[in-house]
Amino acid sequence: MTDVTPKTADDLFTFLDGLGIKHSTKTHAPVFTVAESVALRDEIPGGHTKNLFVKDKKDQFFLLTVEENAAVDLKTVHTLIGAASKVSFGKPEKLLEYLGVLPGSVTAFGAINDGGGNVTFVLDADLMKEEIINCHPLSNDATTSIGSADLVRFMEATGHKPLVLKVTS
């Protein structure tokens with residue numbers, strides 16, 4: 001485990017501002033599941049996300065970011081994302097080490113903490129059809145809205161080339 005302190009929401013916003021990326025954030029009570037966040041839909045337009053932190057048998061880690069109600073077949077998704085084997089969920093310790101977040105706060109914005117390039121980010125093609133994408137800003141007590149093209153630009157600025165693939169059914 002590295003001794004690097006994970007970035008905060010303020011660090012994220014400063015980074016986005018530095019890239020000239022427009023974003024807006026709404027704070028709310030902490031939400032730990034998609035079901036708990038449904039009440040926010042009327043207040044926050046755009047595509048809402050579900051994130052799956054998974055790994056293969058060679059300890060290659062992936063973050064799958066999909067629309068909140070989409071289904072991902074964990075028995076076959078490895079064939080789409082380039083994993084060496086079927087995938088299973090990554091351990092919370094690796095989630096914290098690589099993305100700087102805890103379970104319940106998993107987000108594509110975690111790319112800002114993955115300076116070692118340990119995680120492959122996969123954005124579902126259906127989600128990316130949305131003009132606005134909503135993600136937690138490194139904690140589950142707020143939602144940050146960002147343009148879908150800007151999400152890709154953010155990831156590239158962190159040194160990641162996200163895969164945009166249809167991984168949902």
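Source: prediction; values computed, not measured.
- At a threshold of 4.5 Å between non-hydrogen side-chain atoms, the residues M155 and P162 count as touching.
- The NE2 atom of H23 lies 7.5 Å from the CG atom of L12; values are rounded to the nearest 0.5 Å.
- Under a hydrophobic-cluster definition in which Ile, Leu, Val, Met, Phe, Trp and Tyr are linked whenever side-chain heavy atoms come within less than 4.5 Å, directly or via other members, L163 and V77 are assigned to the same cluster.
- Using a 3.5 Å distance cut-off with no hydrogens or angles, the side chains of D56 and S85 do not pair a donor with an acceptor.
- For the residue pair S145 and N134, a side-chain donor N or O sits within less than 3.5 Å of a side-chain acceptor on the partner.
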Could you walk me through whether V152 and L123 satisfy the side chain to side chain contact (heavy atoms under 4.5 Å, CB included) test, starting with their C-alpha distance in whole Å, then the side-chain angles of each, then the deciding distance to 0.1 Å, before giving a yes or no? CA-CA 9 Å; V152 172; L123 304 171; 4.0 Å; yes
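- Pairs engaging residues 159-169 under the salt bridge (charged side-chain N to carboxylate O under 4.0 Å, His left out) rule: D126-K166, E156-K161 [sequence neighbours left out].
- Residues H136 and F109 keep their aromatic ring centres 6.0 Å or farther apart.
- The shortest distance between side-chain heavy atoms of F62 and K55 does not fall below 4.5 Å.
- No side-chain heavy atom of T49 sits less than 4.5 Å from a side-chain heavy atom of V66.
- The closest side-chain heavy-atom distance from L96 to V101 is not below 4.5 Å.
- We find the SG-CD1 distance between C135 and I146 to be 7.5 Å, quoted to the nearest 0.5 Å.
- Looking at L63 and L99, their side chains come closer than 4.5 Å, going by heavy atoms from C-beta outward.
- Every residue meeting the ring pair (Phe, Tyr, Trp, His ring centres under 6.0 Å) condition with F53, not counting sequence neighbours, appears here in chain and number order: F61.
- How far OG1 of T144 is from CG of L151: 11.0 Å, rounded to the nearest 0.5 Å.
- To the nearest 0.5 Å, atom OG1 of residue T107 and atom CG of residue N140 are 10.5 Å apart.
- The minimum heavy-atom distance between H160 and V119, with the atom names listed, is CD2-O, 3.6 Å.
- Between I112 and D11 the shortest heavy-atom distance is CD1-O, 4.3 Å.
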